[in-house]
Asker: 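Handing you this structure, nothing more for now.
Note on naming: letters A, B, ... go to the chains in the order of the sequence lines (proteins, then strands), and numbering restarts at 1 for each one. What you are looking at is a predicted structure, and each value in this text was computed from that prediction instead of being measured.
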Number of protein chains: 2
Amino acid sequence: MKAGTDLSQIGSLVGDPARANMLAALMNGGALTASELALEAGVTLPTASAHLAKLTDGGLMRLTRQGRNRYYALTDHQVAEMLETIMGVAAVLGPKKVLPGPRDTAMREARVCYDHLAGEAGVSMFEAFVVRGFLRVDGDVPDITLAGAEFFAAFGVDLAALRKKRRPVCRTCLDWSVRRAHLAGGLGAAMLEGLIAKAWVRRDKASRIVRFTPQGRMAFNAMLRHKGEAPVVSGTEQGP
Amino acid sequence: MKAGTDLSQIGSLVGDPARANMLAALMNGGALTASELALEAGVTLPTASAHLAKLTDGGLMRLTRQGRNRYYALTDHQVAEMLETIMGVAAVLGPKKVLPGPRDTAMREARVCYDHLAGEAGVSMFEAFVVRGFLRVDGDVPDITLAGAEFFAAFGVDLAALRKKRRPVCRTCLDWSVRRAHLAGGLGAAMLEGLIAKAWVRRDKASRIVRFTPQGRMAFNAMLRHKGEAPVVSGTEQGP
DNA sequence: TTCATGGTTCGACCGTATCCAAACTATTTG
DNA sequence: CAAATAGTTTGGATACGGTCGAACCATGAA
């Protein structure tokens, strides 16, 4: 049975804790050096090096040399999406863990999924776009409406340019923390870019966490609000 | 780092060849007994039992007792889709294998992905629906058009009933063998049901292969054809 | 009740993947 | 050129996971 062999190969690649940590650390779409990844995984440099070798020639990571540093990154978003998918099933079937700590709370609130916004904020944004009629959803697949096209253009997204690229413009991605969909694809990436450009959010360097600036949170909520509804992203509540 | 831990847990579950074979064997959406799975994985009953225990309390499989048999199946389609996704990246980054044998050719032509049609036939069907204007795609997300609703109703699909269910009606699923999308979701499942009910196809028991009946192939091609185009599913060609 | 079949548990064996220390290579800086 | 930083390679100790035979439970048939 070849199917099983294929499965088990990448399965075992992801199956080691050290390697899994490295992969998780790269899910923000960035690239890290071998030393940083070693630190992230909690192993020494030599072992990290061995793991990285396996990951690269296993096809899950891509290596770019730069001076005396070697930067490792995930090969494509297909790999990133695979990891999110795996984390998705892990999240639904493994809530036997203790309650999430503060760091996880921040992750749950807003984080980057490879190159677009995920977490509570990502889900809220997606759902607000649907409520406001910018995206139409049949089943659970989004489609940009006329009003949506206007809105995104006003926000600074060049839809025409996005459509030219090979990457799908509009996709959804199941959120492992909330079990609801958020916006992915080229549009999702462009929105995150826009949020950063407008300084509404800042990406936490070396983690997947996305933090709202005070004014950014207000502006974001205003963008999502429709006909005087309550804000969707409140302050950093630390609920049990 | 918890994220890495979650990843590695299911990763290692999938990472063992025996377990991966079992999971792959269940991807047709059916249920098999422990003995059958042991045979499929090429291990003895005791080892199979141990693996199955890990898989079930790891949450990837579901056990239903029935008489003196114990039937194992995947827990949901989320798990099935995760496996397809993994096979997807395996397929794109691992074509250094030898050329596919005859059995794999059949798999590539038409197979069932949990409960809907995949492979060449699945992709052809999906793309034909788009060309004929039954599904509209923006980016790569499908949406049922008015014409589509009529067509599917005529085919025997009860769209209203599908919309009532919690499961998304219309989704796409990336095909590992062809690297193109095919139709998943409730509609995808209903279509496969319809194809079987009309006796256009038969599911190969105990494998994921779907075989067309002679008349079925003709009818299927007729369904897909639009304004006198060439048929999309030809005979069983055995290419090198 | 007894027998047979389908599965699980136990114990022991074996292989392999992981790990680190130390040595080695390469690239930049002084 | 020498010193320092970044990374890989090697070798050997360790441990964990997979594997099977045999014994053990459970369910259905005789």
Asker: Could you tell me how the ring of B:H116 sits relative to the ring of B:H182: parallel (under 30°), tilted (30 to 60°) or perpendicular (over 60°)?
Answerer: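 Geometry flag for B:H182 against B:H116: tilted rings.
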Asker: Looking at C:dT8, D:dG18, D:dC20, which one has an atom nearest to any side-chain atom of B:L45?
Answerer: C:dT8
Asker: Check the distance between D:dT27's C1' and B:N69's CG and give it to me in whole angstrom.
Answerer: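 So the CG-C1' distance, B:N69 to D:dT27, works out to 10 Å.
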Asker: May I ask you to decide if B:R70's main-chain N or O and B:T33's side chain share a donor-acceptor pair within less than 3.5 Å?
Answerer: no
Asker: Measure CG/B:L55 against C1'/D:dG17 and give the value in whole Å, please.
Answerer: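 Rounded to the whole Å, the gap is 14 Å.
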Asker: Classify the nucleic acid contact of B:S12 as base, sugar-phosphate or nothing, counting any heavy atom under 4.0 Å across all strands shown.
Answerer: nothing
Asker: Would you mind telling me which of C:dC19, D:dA6, D:dG21 lies closest to the side-chain atoms of B:T44?
Answerer: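 Selected nucleotide: D:dG21.
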Asker: Any idea which of D:dG7, C:dT18, C:dC20 is nearest the A:D16 side chain?
Answerer: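 Nearest listed nucleotide: C:dT18.
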Asker: Mind calculating the distance between NE2 (B:H51) and P (D:dT19) to the nearest angstrom?
Answerer: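 Distance, rounded to whole Å: 4 Å.
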Asker: In whole angstrom, give the distance that lies between atom CG of A:L32 and atom P of D:dA6.
Answerer: 14 Å
Asker: What does B:Y72 touch in the nucleic acid at a heavy-atom separation under 4.0 angstrom: a base, only the sugar-phosphate, or nothing?
Answerer: sugar-phosphate
Asker: Below the 4.0 Å mark, does D:dT8 have OP1 or OP2 next to a side-chain nitrogen or oxygen of A:R70?
Answerer: yes
Asker: What nucleotide among C:dG7, D:dT8, D:dA6 has an atom nearest to a side-chain atom of A:A34?
Answerer: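 Nucleotide nearest to A:A34's side chain: D:dT8.
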Asker: Provide, to the nearest angstrom, the distance between the OH atom belonging to B:Y71 and the P atom belonging to C:dT8.
Answerer: 13 Å
Asker: How close or far is atom P of D:dT27 from atom CZ of B:R65, stated in whole angstroms?
Answerer: 9 Å
Asker: By nearest nucleotide on DNA chain D, pick out whichever of B:R19 and A:P46 is the more 5' one.
Answerer: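 Final value for this comparison: A:P46.
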Asker: Please determine whether side chain to side chain contact (heavy atoms under 4.5 Å, CB included) holds for the pair B:T85 and A:E81, giving the CA-CA distance in whole Å, both sets of side-chain angles, and the decisive distance to 0.1 Å.
Answerer: CA-CA 8 Å; B:T85 307; A:E81 277 156 27; 5.6 Å; no
Asker: Find the distance A:L39:CG to D:dG7:P and express it as a whole number of Å.
Answerer: 12 Å
Asker: To the nearest Å, how far apart are B:L13 CG and D:dC16 P?
Answerer: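 Interatomic distance, CG of B:L13 to P of D:dC16: 18 Å.
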Asker: Would a distance-only check, ignoring hydrogens and angles, find a side-chain to backbone donor-acceptor pair under 3.5 Å from A:S12 to A:S8?
Answerer: yes
Asker: Any side-chain N or O of B:S49 below 4.0 angstrom from OP1/OP2 of C:dG7?
Answerer: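 Negative; the distance criterion is not met.
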Asker: Are any side-chain N or O atoms of B:T213 and backbone N or O atoms of B:A199, one a donor and one an acceptor, separated by less than 3.5 Å?
Answerer: yes
Asker: Looking at A:K54, I'd like to know whether one of its side-chain N or O atoms comes within less than 4.0 Å of OP1 or OP2 on C:dA17.
Answerer: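 False: A:K54 side-chain N/O out of range (4.0 Å or more) of C:dA17 OP1/OP2.
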